[in-house]
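First the structure, in the form of structure tokens, and then the observations on it.
Atoms within a ligand are numbered from 1 in the order they appear, just like the ligands themselves. Computed from a predicted model, the values in this text were never measured in an experiment. Values below: every heavy atom of this structure, side chains too, minus hydrogens, waters and symmetry copies.
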Amino acid sequence: MFEQLQPAPPDAILGLTEAFRKDARPEKINLTVGVYKDASGQTPILRCVKEAEKRLLESESSKSYLGIDGIPEYGRLVRELLWGPQHEIVTSSRAVTLQTPGGTGALRVAGDFLHKLFPSAKIWCSQPTWANHPGVFKAAGLTVETYPYFDPERNSLKFDALIEALQQIPAGDVICLHACCHNPTGVDPTPEQWKQIADVVQERGILPLVDFAYQGFGVGFDEDAAGLRELSRPGMELIVASSFSKNFGLYCERVGALTVVAASAETAQTALSQLKICVRTNYSNPPYHGGGIVATVLQDAELRSTWEQEVATMRDRINGMRKLFADTMAQKTSARDFSFIKNQHGMFSQSGLTPEQVDRLREDYAIYIVRNGRINVAGMTEDNMERLCDAIASVL
Ligand code: LMR
């Protein structure tokens, strides 16, 4: 049977990481996958995570299965992080949360749930979006459409076109929105623009699916949730896929959450019963370790404060690299103005480099960038900046 198989293309992002690992050139630079690096180019384990792991190791008494929805207190902790403890969604019990294997796991469960229970609903993704969004949703059986988002001429949000497109989306369809630190562009709506987006979404009866993979990496934990909270109006339904890969540095532990907000607590429980079937028939129940770490940190005042400081340090370093990159590029070339990179949020920037320029950077300089021109700013360091900017200047 297997002899009939045709080879599949490598993954647009992780395929490049594989190629990077095999590259023997010592000066190589990896700006592909969204992984944070510190000033020395390492992806550190956060101090709060190490301490939580120590406590878990001492207190764990069993390796029995978790429930299908994960660690019991996990959902409440995630919802409090998303909305703050006093928000009506948190106090009214009209939201349910499942611990999932990463944000991707949350997106896939959401996709399965939507396709199974709302088979005619299409999902609308921003143009461009994270390279894996269409793949995950299509694998779940959903039809994927796109709405305009990014203006590459101005390196900004195409806000009017976005609103016009939303006004055409049929009621009952789903819109996938990036809560903050838009991947791949780094361009987010302002709080006022979020309000207008939420107005249209509400008026038209579109279901928002908010992908929240970078809480804390943009401006701050609450500021980054501004769009989500604008969409969380009384009675409004929505879905949130959270990832703790980046803000806890728990990439390989695969820890995230899927939260479904219904109009009432009773409906939320009905949705949970359906979501549990999607999980049970997929991976049965989630792995413990990453969720145990997140729950331990979020519940402990001291660990939580360490975590918040550590996230602020990562955010500040990325913003410092944005500035250093723009300033260094300005010294190297007048062929292109990169100052826009200073105003973007999160790990990524849409650099405007063409696939051919990206290929030359990889082949001639061992610099790896996603072929759509997305740069992981968090992979830049003071040590690799000169070489990176010289190489980019030479391919422009
Ligand atoms: C990315 O966009 O690089 C990250 O979200 C990691 C991934 O799984 O693609």
Side-chain angles (χ1 to χ4, degrees), residues 8-21 28-37 41 43-44 100-111 125-140 144 149-150 176-188 209-218 224 240-258 283 286-287 290 294 311 314-315 318 321-322 341 344-351 353 355 358 361-362 367-380:
D11 181 75
I13 297 171
L14 298 183
L16 284 167
T17 305
E18 284 169 34
F20 178 82
R21 284 196 184 117
K28 62 187 180 178
I29 301 174
N30 187 4
L31 303 180
T32 58
V33 67
V35 170
Y36 174 80
K37 306 253 177 68
T43 301
T100 56
T104 309
L107 291 167
R108 179 58 195 258
V109 174
C125 291
S126 62
Q127 177 59 39
T129 193
W130 177 44
N132 206 25
H133 270 152
V136 169
F137 297 137
K138 282 181 194 164
V144 179
Y149 188 85
F150 181 65
C176 177
L177 293 157
H178 302 220
C180 68
C181 306
H182 183 267
N183 180 359
T185 65
V187 172
D188 294 327
L209 192 175
V210 180
D211 188 351
F212 210 169
Y214 298 92
Q215 189 171 6
F217 270 69
D224 292 353
V240 189
S242 308
S243 167
F244 299 118
S245 298
K246 330 280 170 169
N247 55 11
F248 277 86
L250 286 172
Y251 306 91
C252 68
E253 299 296 355
R254 309 309 301 137
V255 54
L258 176 63
Y283 53 84
V294 169
V311 173
M314 293 194 277
R315 180 174 66 234
I318 296 172
M321 287 303 105
R322 287 186 177 279
I341 284 193
Q344 299 172 338
H345 292 136
M347 284 190 176
F348 303 119
S349 272
Q350 194 66 30
S351 64
L353 292 168
V358 169
L361 285 170
R362 191 179 61 252
I367 293 172
Y368 285 69
I369 291 173
V370 180
R371 278 195 99 231
N372 64 5
R374 185 192 82 171
I375 292 188
N376 175 19
V377 181
M380 297 178 188

Give a yes/no on ligand 1: does I13 have at least one heavy atom closer than 4.0 angstrom to it?
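Distance cut 4.0 Å: I13 passes for ligand 1.
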Taking only non-hydrogen atoms of R374, do any sit less than 4.0 angstrom from ligand 1?
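Under 4.0 Å: yes for R374.
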Quick check: G34 and ligand 1, any N/O pair under 3.5 Å apart?
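There is such a contact, yes.
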Just distances here: any N/O of T32 and N/O of ligand 1 closer than 3.5 Å?
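For ligand 1, there is no N or O atom that lies under 3.5 Å from one belonging to T32.
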Using a 4.0 Å heavy-atom cut-off, say whether [X] meets ligand 1 through its side chain, its backbone, both or neither.
| X | result |
| --- | --- |
| H133 | neither |
| Y251 | neither |
| N183 | side chain |

Just to confirm my output: which protein heavy-atom neighbour is closest to atom 9 (O) of ligand 1, and how far is it?
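Here the nearest protein heavy atom works out to W130 NE1, 3.0 Å.
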Please check if the distance between the ring centroids of H182 and Y149 is under 6.0 Å.
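When the ring centroids of H182 and Y149 are compared, they turn out to be within the sub-6.0 Å range.
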Search all heavy atoms of F348 against all heavy atoms of G34 and return the closest pair with its distance.
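Smallest heavy-atom distance, with atoms named: CZ-CA, 3.4 Å.
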Least distance between heavy atoms, V210 atom then A179 atom
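In this case the closest contact between V210 and A179 is CG1-CB, 3.5 Å.
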Would you say that V377 contacts Q344 through its side chain, given a criterion of any heavy-atom pair below 4.5 Å between the two side chains?
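The answer is no, as the side chains (C-beta and beyond) never meet within the 4.5 Å cut-off.
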Backbone N or O of V370 within a donor-acceptor pair of the T32 side chain at under 3.5 Å?
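Side chain of T32 to backbone of V370: no pair is present.
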Within ligand 1, which atoms have a heavy atom of [X] less than 4.0 Å away?
| X | answer |
| --- | --- |
| Y214 | 5 (O) |
| K246 | 4 (C), 5 (O), 6 (C) |
| V33 | 3 (O), 6 (C) |

Is the Lys NZ or Arg CZ of K28 less than 6.0 Å from the centre of F20's six-membered ring, within 45° of the axis?
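Because its charged atom sits under 6.0 Å from the ring centre and within 45° of the axis, K28 does stack over F20.
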Once you round to the nearest 0.5 Å, how far does OH of Y36 lie from NZ of K246?
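Here the rounded value is 14.0 Å.
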Over 60° means perpendicular and under 30° means parallel, so classify the ring planes of H133 and W130, tilted if in between.
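The rings of W130 and H133 stand perpendicular, inter-plane angle above 60°.
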